[in-house]
Every structure is written in structure tokens, then in C-alpha cells.
Protein chains: 2
Amino acid sequence: MENKQKPLSKNQKIILEYIQKNKKPVKAYSILSNVQKKGINAPPQVYRALDKLIEIGKIHKVESQNSFVACKTSDCETPHATAFSICDSCDEVSEINDPKLFKYLLDFKDNSGIKFDGYNLEFFGTCKSCETS
Amino acid sequence: MENKQKPLSKNQKIILEYIQKNKKPVKAYSILSNVQKKGINAPPQVYRALDKLIEIGKIHKVESQNSFVACKTSDCETPHATAFSICDSCDEVSEINDPKLFKYLLDFKDNSGIKFDGYNLEFFGTCKSCETS
DNA sequence: GAGTATAGCGTTATATTATAACATAATTAT
DNA sequence: ATAATTATGTTATAATATAACGCTATACTC
């Protein structure tokens with residue numbers, strides 16, 4: 001079982017570090033303005049790094065928010081099978097890492113019989129701290 | 001069991017009809033350009049109707065595509081619990097209406113114990129017709 | 001190690017998606 | 001009938017994302 005991890009490029013590293021520093025998902029232009037001091041000047045530089053980081057599973061995109069969050073699963077083996085819970089009132093997002101759910105969904109077949117190679121699932125609700133306030 | 005369906009407004013009707021005519025999901029600005037002959041001139045008119053139609057469950061948003069599709073389930077009772085399958089190569093989208101999946105997901109609790117009131121699930125794969133070509 | 005293929009960089013410009021804000025009109029509820 | 005709510009039409013602009021181009025660094029292969 002070899003682990004051929006290509007090293008990240010300079011921009012990829014800068015942007016991944018910034019995303020990892022944040023608990024909450026961050027937006028592309030917010031990333032941009034926060035890494036400008038590191039020499040990243042324009043949107044394409046950010047989006048290119050984001051695309052790559054998503055591809056290799058280091059981050060995920062929260063589609064309903066157009067935001068990006070670091071993968072919490074140490075070694076995200078199936079980068080394109082993601083599940084999140086999202087609080088309707090505070091927008092807090094957490095990644096769900098539930099092997100049963102994971103398996104259930106990857107085994108799921110629709111009625112046309114095709115098997116899927118990935119999914120994105122976003123649950124909505126009210127988080128504990130918002131509920132009590 | 002009463003069915004209090006408020007009638008749709010003029011713009012809502014125009015836009016819903018346009019979306020229903022299309023098998024595939026449509027984009028907001030494509031809707032706009034196709035309903036301009038009916039007197040809808042500007043983006044806010046479209047987005048306002050879209051928001052309302054989503055709220056009442058007549059249409060759904062395909063988040064990963066920023067596109068909008070009519071609900072196929074005759075009377076979509078839980079408008080905010082949606083599942084789609086999306087073909088990676090032709091972008092064909094179909095709504096999945098599987099009661100077991102539906103129940104499984106609405107019953108799902110994450111490890112913080114909160115129950116969710118909605119979800120959006122998008123499966124990715126290659127559809128039958130793309131696979132054979 | 002020279003040559004070539006691939007991936008990444010920096011930049012400008014522009015496309016695409018979505019909302020703010022404001023004045024008015026229509027509809028619904030009391 | 002009046003008040004409250006919902007929808008409309010409009011202008012302007014915000015927020016998100018990509019095209020295209022020339023160049024540089026890295027990896028691949030013989």
C-alpha cells in the first residue's frame with residue numbers, strides 16, 4: 001500500500017493552510033483577500049488551487065454555500081463522497097463521518113440501476129447552540 | 001386534510017411553466033431570456049419567483065449546477081428533502097424518489113444527536129446512455 | 001542529461017450568478 | 001375599509017467563477 005502523495009505547490013499550500021486555520025467554511029474571495037499578503041493576487045490563482053485541493057480530497061466544497069472547508073477525515077479516501085450538516089441559523093457546517101451512512105450511500109442504486117461514484121449530501125437543521133438561544 | 005394551495009402569481013406561473021417544459025434543469029439567466037417576451041425583464045423578478053417556487057416545493061435547486069428543475073413528485077410534501085442523480089458527462093439530472101432512502105435520511109441523526117429537517121443529496125455517476133457511447 | 005510533456009503561475013479581462021434598495025401595486029386578512 | 005402582507009418593476013451593483021494568453025517549473029522517458 002503505497003502512498004504516492006505529490007507535494008503541494010506553493011499556492012496550493014498557502015491556500016490549504018488558510019482553509020485549515022478556519023473551523024468554518026470560507027469563501028473564495030475571502031480566501032483571496034486573506035492571502036494577498038502572501039503574493040496571491042487574482043481569483044484564478046485561488047480557484048485553480050481550490051480545484052486541485054478538491055480533486056485530491058484535501059478540501060470539500062459546500063455547494064449550498066459556495067464555500068470551502070478542510071477535510072476532517074485524516075485520509076479522505078473517497079474525496080467525492082461527502083456529507084455535511086449545516087445549521088440554518090448560524091451557517092455552522094460540520095462534516096459527517098459515519099461509515100454506515102457512507103456505505104449506504106455508495107451502495108445505493110437508483111431505479112435505472114446505475115451505481116454512483118460519488119455524492120454530496122447536505123443536511124439542514126438547527127444546531128444545538130442555536131436551539132437553546 | 002385540507003390543501004391550502006395559494007394560487008401562484010403571474011410571474012411565478014410564467015416561470016414555473018417554463019421550468020416544467022424542460023426536462024433538464026435550467027439556469028436562472030436562461031429562464032430570464034426565455035420569458036422576456038412575456039414581460040419579465042430583470043433578474044430579481046426571476047430570482048424572486050424561483051425562491052417562492054422552491055419554498056412551496058414546486059421546483060428544486062440543483063446546488064452543484066446552480067440550476068433549477070421542476071419537482072416530479074406530484075405533491076412534494078417535504079420540499080426540502082431532495083435527491084438527484086447527475087451524469088458527470090452529459091449533466092443530465094433526474095430526481096430520485098425512493099421512499100426508503102427518503103426515510104433513511106430523514107431519520108438520520110449525526111453524532112451530536114440533532115435531527116434534521118431537510119437535506120439535499122446529489123449523486124454523481126455516468127448515465128446509461130453516456131456509458132455506452 | 002536533453003528533450004518533451006504536464007502542471008502550475010501571473011495577469012487582464014470578462015462571464016455568470018445573485019442581491020440591495022426603493023417606489024408602487026395587488027392581494028389577503030381583520 | 002384599513003392594515004398587513006406579498007408581489008411587481010426597475011436600476012444598480014455585489015458575489016462567484018472562468019477564458020485566454022504567455023511564461024516557468026517540475027516530472028517523465030530515453
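Within every chain, numbering begins at 1; the chains are lettered A, B, ... in the order of the sequence lines, protein sequences first and strands thereafter.
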**Q** With respect to the phosphate group of dA7(C), does any side-chain polar atom (N or O) of Ser9(A) fall under 4.0 Å of OP1 or OP2?
**A**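 No, no such contact exists.
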
**Q** Does Lys13(B) place a side-chain N or O at less than 4.0 Å from the phosphate oxygens OP1/OP2 of dA7(D)?
**A**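 No, Lys13(B) has no side-chain N/O under 4.0 Å of OP1/OP2 on dA7(D).
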
**Q** To the nearest Å, how far apart are Ile15(B) CD1 and dT8(D) C1'?
**A**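 In whole Å, dT8(D) C1' and Ile15(B) CD1 are 12 Å from each other.
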
**Q** Any idea which of dT8(D), dA17(D), dA18(C) is nearest the Phe68(B) side chain?
**A**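 Shortest atom-to-atom distance from the side chain points to dA18(C).
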
**Q** Can you tell me the distance, in whole Å, between the OH atom of Tyr47(B) and the P atom of dA14(D)?
**A**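 Taking atom P of dA14(D) as the reference, OH of Tyr47(B) is at 17 Å.
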
**Q** Taking only the side-chain nitrogens and oxygens of Lys10(A), find out if one of them lies under 4.0 Å from OP1 or OP2 of dG10(C).
**A**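 The answer is yes; a side-chain N or O of Lys10(A) sits under 4.0 Å from OP1 or OP2.
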
**Q** What closest approach, in Å, do Ser85(B) and Asp110(A) show between heavy atoms, and which atom pair accounts for it?
**A**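 That closest heavy-atom pairing would be OG-OD2, 3.8 Å.
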
**Q** On DNA chain D, does the nearest nucleotide to Ala42(B) precede the nearest nucleotide to Lys52(B) from the 5' side, or the other way round? Give the residue.
**A**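 The 5'-side residue here is Lys52(B).
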
**Q** To the nearest Å, how far apart are Arg48(A) CZ and dA25(D) C1'?
**A**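 That distance rounds to 14 Å.
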
**Q** Is there a donor-acceptor contact under 3.5 Å from the side chain of Glu122(A) to the main chain of Glu63(A)?
**A**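 Yes, Glu122(A) side chain to Glu63(A) backbone: donor-acceptor pair under 3.5 Å.
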
**Q** dT19(C) P sits how many Å from Asp51(B) CG, rounded?
**A**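 For the pair Asp51(B) CG and dT19(C) P, the rounded distance is 7 Å.
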
**Q** Can you check whether Lys24(B)'s main-chain N or O pairs, donor with acceptor, with Asn22(B)'s side chain at less than 3.5 Å?
**A**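 No.
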
**Q** Is there a donor N/O on one and an acceptor N/O on the other, under 3.5 Å, for the side chain of Tyr29(B) and the base of dA18(C)?
**A**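 Pair found.
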
**Q** Tell me whether the OP1 or OP2 atom of dC9(C) has a side-chain N or O from Gln45(A) closer than 4.0 Å.
**A**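 It does not, given that no N or O in the side chain of Gln45(A) lies less than 4.0 Å from OP1 or OP2 of dC9(C).
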
**Q** Decide if atom NZ of Lys23(B) counts as having more than 12 heavy atoms of other residues, nucleotides or ligands within a radius under 6.0 Å.
**A**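 Result for NZ/Lys23(B): open.
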
**Q** Measure CG/Leu32(B) against P/dT17(C) and give the value in whole Å, please.
**A**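 So the two atoms are 12 Å apart, to the nearest Å.
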
**Q** Can you tell me if the side-chain N/O atoms of Lys6(A) get under 4.0 Å from OP1 or OP2 in dA25(D)?
**A**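 For dA25(D), OP1/OP2 do not have a side-chain N/O of Lys6(A) under 4.0 Å.
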
**Q** Please compare Asn41(A) and Asn66(B) by the position of their nearest nucleotide in DNA chain C and report the one closer to 5'.
**A**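 It is Asn41(A), whose closest nucleotide lies nearer the 5' terminus.
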
**Q** Could you state the CD-P distance from Glu55(A) to dG8(C), rounded to the nearest angstrom?
**A**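 Taking CD of Glu55(A) and P of dG8(C), I get 8 Å after rounding.
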
**Q** Measure from CG on Leu8(A) to P on dA25(D) and round the result to the nearest Å.
**A**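 Nearest whole value for this atom pair: 19 Å.
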
**Q** Whole angstrom is fine here: how far is it from CD in Gln65(A) over to P in dA18(C)?
**A**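 The answer, rounded to whole Å, is 14 Å.
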
**Q** Between Pro44(B) and Gln12(B), which has a closest nucleotide on DNA chain D that is more 5'?
**A**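 Whichever sits nearer the 5' end wins; that is Gln12(B).
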
**Q** If you find the nucleotide of DNA chain C closest to Pro7(B) and the one closest to Lys27(B), which residue's nucleotide is nearer the 5' end?
**A**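 Closest to the 5' end, via its nearest nucleotide, is Lys27(B).
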
**Q** Are the aromatic rings of Phe108(B) and Phe123(A) close, with centres under 6.0 Å apart?
**A**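 Centroid separation for Phe108(B) and Phe123(A): below 6.0 Å.
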
